[in-house]
Enquirer: 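Sharing a structure with you now.
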Amino acid sequence: MIYSVYITSRSGSLLYQKDFKTVNSPITRQKSNDYLVIASSLHGVHAIASKITPPDAVHNHERSKLLANSNRTGLREIATAQFKIFINQTVTGVKIILFVSRDVDETRFALMYDKIYQYYCDYVLKNPFYELEMPIRCHLFDEQLNSVVAASNV
Amino acid sequence: MAIYSFWIYDRHCNCIYSREYGTSASETVKASSRSTPKRLSSAHFSNNPMENAPSATISSHSTLNSSVSTLSGQRKTSSSSNNPKIQELIQKGSVNTQNNNNMSKLLFGTLFSLKKIAVSLCTPPAETAQEEEFYVSNLNNFNKLRSFQTLNYKCHFYETINGLRFVVVTDPNARDLQTSLVDIYQHIYMDNVVRNPLMPVEFREGEVISNDRFVLAIDDYWSSIPEFVN
């Protein structure tokens, strides 16, 4: 189940945020300011998480077979009692953050992420009226995202 | 699989116990030289004639503390396992040398903000100041942070209701170790710190758990779980 999708720019500002209505989603509605705060704290913590790597662990990512384009050492997954957060960073520094239910694992996340990234490229970046680093308001992207979420939420 | 470090923070956000396992040889040299001034400072505290009762506690701590660093040979024999690899990891590590450095503070800050995000997303917007206070306290049961991970390591987190935080940093492939942290709190921390009359109820800034039995029990616990050896 996908509960929400956030997209942040490479400087940490929130470009896109959407909560999906699902059965017993634990995520409650917040004030619009709070979403900005959450997105930018995740951006900061992502960078700090790579700083606090134990000295013995710095080469672990080379053995990892998980999907990671430019997210080799940063924060990747946060598990809480109610939901999980997956963060992935594209090569240009845009972060796609997924709030999902606890049963979603890395492989299922990879499938969802691939689709969402593809739609982001096709319907946001190829939109001639979209300016980089600006909030995303593209209704085609909204529709495609809804289809990804609908497929994963059955 | 490996366990890299173990941390305890009290409710005033001070790191009261830190333990590293199996860092490289150069690290150990630095660690031992850093631990010397700490012992001196605690001895200096015990000479303070102003505080009678606490000084007794602290001086007994400082003797315990020095016995920890000198009796490393004894630690070797009392460990439950005879696996040389485990012995090496325990010997090479350091106890309470990182409590106040950047690593400890960054780790705490990361966990603090992640916990805040996790809780705030599951709470409705607060209407009154009372509600607000309840939402930020540990008394509610809206959501709890369990762990976070990067491709290099995984960090498990457990917070008790009175604000004590237990953190363990492991290999990213490790299973969820929150139950182990609960176990450590309920059996090792309770028995050796809470029920120990020589331990303070509130740790002051710079005070750490230097109890020999506690250190040994923690080492035994972590070395007995299958994740400990790579």
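Order of the sequence lines sets the chain letters (A, B, ...), proteins ahead of strands, with each chain counted from 1. No hydrogens, no waters, no symmetry mates; every other heavy atom, side chains included, goes into these values. This structure is a prediction, so every number in the text was calculated from the model and none was measured.
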Enquirer: CG/B:Leu106 to CD1/A:Ile48 distance, rounded to the nearest 0.5 angstrom?
Expert: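 Taking CG in B:Leu106 and CD1 in A:Ile48, the distance rounds to 6.0 Å.
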
Enquirer: Rounded at 0.5 Å granularity, tell me how far OG1 in A:Thr80 sits from NZ in B:Lys115.
Expert: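 Nearest 0.5 Å value for the OG1-NZ distance: 13.0 Å.
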
Enquirer: Would you indicate whether A:Lys51, at its atom NZ, is surrounded by more than 12 heavy atoms from other residues, nucleotides or ligands within a distance under 6.0 Å?
Expert: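 Check fails, neighbour count at 12 or below.
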
Enquirer: Side chain, backbone, both or neither: which part of B:Leu114 has a heavy atom under 4.5 Å from chain A?
Expert: side chain

Enquirer: Side chain, backbone, both or neither: which part of A:Tyr3 has an atom under 4.5 Å from a heavy atom of chain B?
Expert: neither

Enquirer: Output yes when a side-chain donor or acceptor of A:Gln30 lies under 3.5 Å from a complementary backbone atom of B:Pro124, and no otherwise.
Expert: no

Enquirer: Taking the side chain as everything from C-beta on, heavy atoms only, tell me whether A:Asp56 gets closer than 4.5 Å to B:Tyr21.
Expert: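 No - every pair of side-chain heavy atoms lies 4.5 Å or more apart.
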
Enquirer: Kindly say whether B:Thr123 contributes a backbone atom to a donor-acceptor pair with the side chain of A:Thr28 at under 3.5 angstrom?
Expert: yes

Enquirer: Above 12 or not: heavy atoms from other molecules or residues under 6.0 Å from CG of B:Asn102?
Expert: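 No, because the 6.0 Å sphere around CG of B:Asn102 holds 12 heavy atoms or fewer from other groups.
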
Enquirer: Check whether A:Ile87 gets within reach of chain B through its side chain, its backbone, both or neither, counting any heavy atom under 4.5 Å.
Expert: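 Neither part.
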
Enquirer: Atom CD1 of A:Ile52 and atom SG of B:Cys155: how far apart are they, to the nearest 0.5 Å?
Expert: 6.5 Å

Enquirer: Counting only heavy atoms not in B:Glu133, do more than 12 sit closer than 6.0 Å to its CD atom?
Expert: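 No, because the 6.0 Å sphere around CD of B:Glu133 holds 12 heavy atoms or fewer from other groups.
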
Enquirer: B:Asn152 and A:Thr73: side-chain donor and acceptor closer than 3.5 Å?
Expert: no

Enquirer: If you define the side chain from C-beta out and look only at heavy atoms, does anything of A:Asp34 sit under 4.5 Å from B:Ser120?
Expert: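 No. Closest side-chain heavy atoms not under 4.5 Å.
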
Enquirer: Return yes if some donor-acceptor pair links the side-chain N/O of A:Gln82 with the main-chain N/O of B:Phe142 below 3.5 Å, else return no.
Expert: yes

Enquirer: Is any side-chain heavy atom of A:Arg76 closer than 4.5 Å to one of B:Leu151?
Expert: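 Yes. Closest side-chain heavy atoms under 4.5 Å.
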
Enquirer: Given the rule in the side-chain contact (heavy atoms from CB on, under 4.5 Å) test, do B:Ile117 and A:Ser41 qualify, once you have shown the distances and angles that lead to the verdict?
Expert: CA-CA 8 Å; B:Ile117 290 172; A:Ser41 0; 4.0 Å; yes

Enquirer: Counting only non-hydrogen atoms closer than 4.5 Å, does B:Ser5 touch chain A with its backbone (N, CA, C, O), its side chain (CB onward), both, or neither?
Expert: neither

Enquirer: Side-chain contact, heavy-atom cut-off 4.5 Å: A:Lys84 with B:Arg146?
Expert: no

Enquirer: Counting heavy-atom pairs under 4.5 Å with chain A, which one of B:Gly109, B:Ser147, B:Ser113, B:Ala118 comes out on top?
Expert: B:Ser147

Enquirer: Answer yes or no: is there a side-chain heavy-atom contact under 4.5 Å between B:Phe148 and A:Ile85?
Expert: no

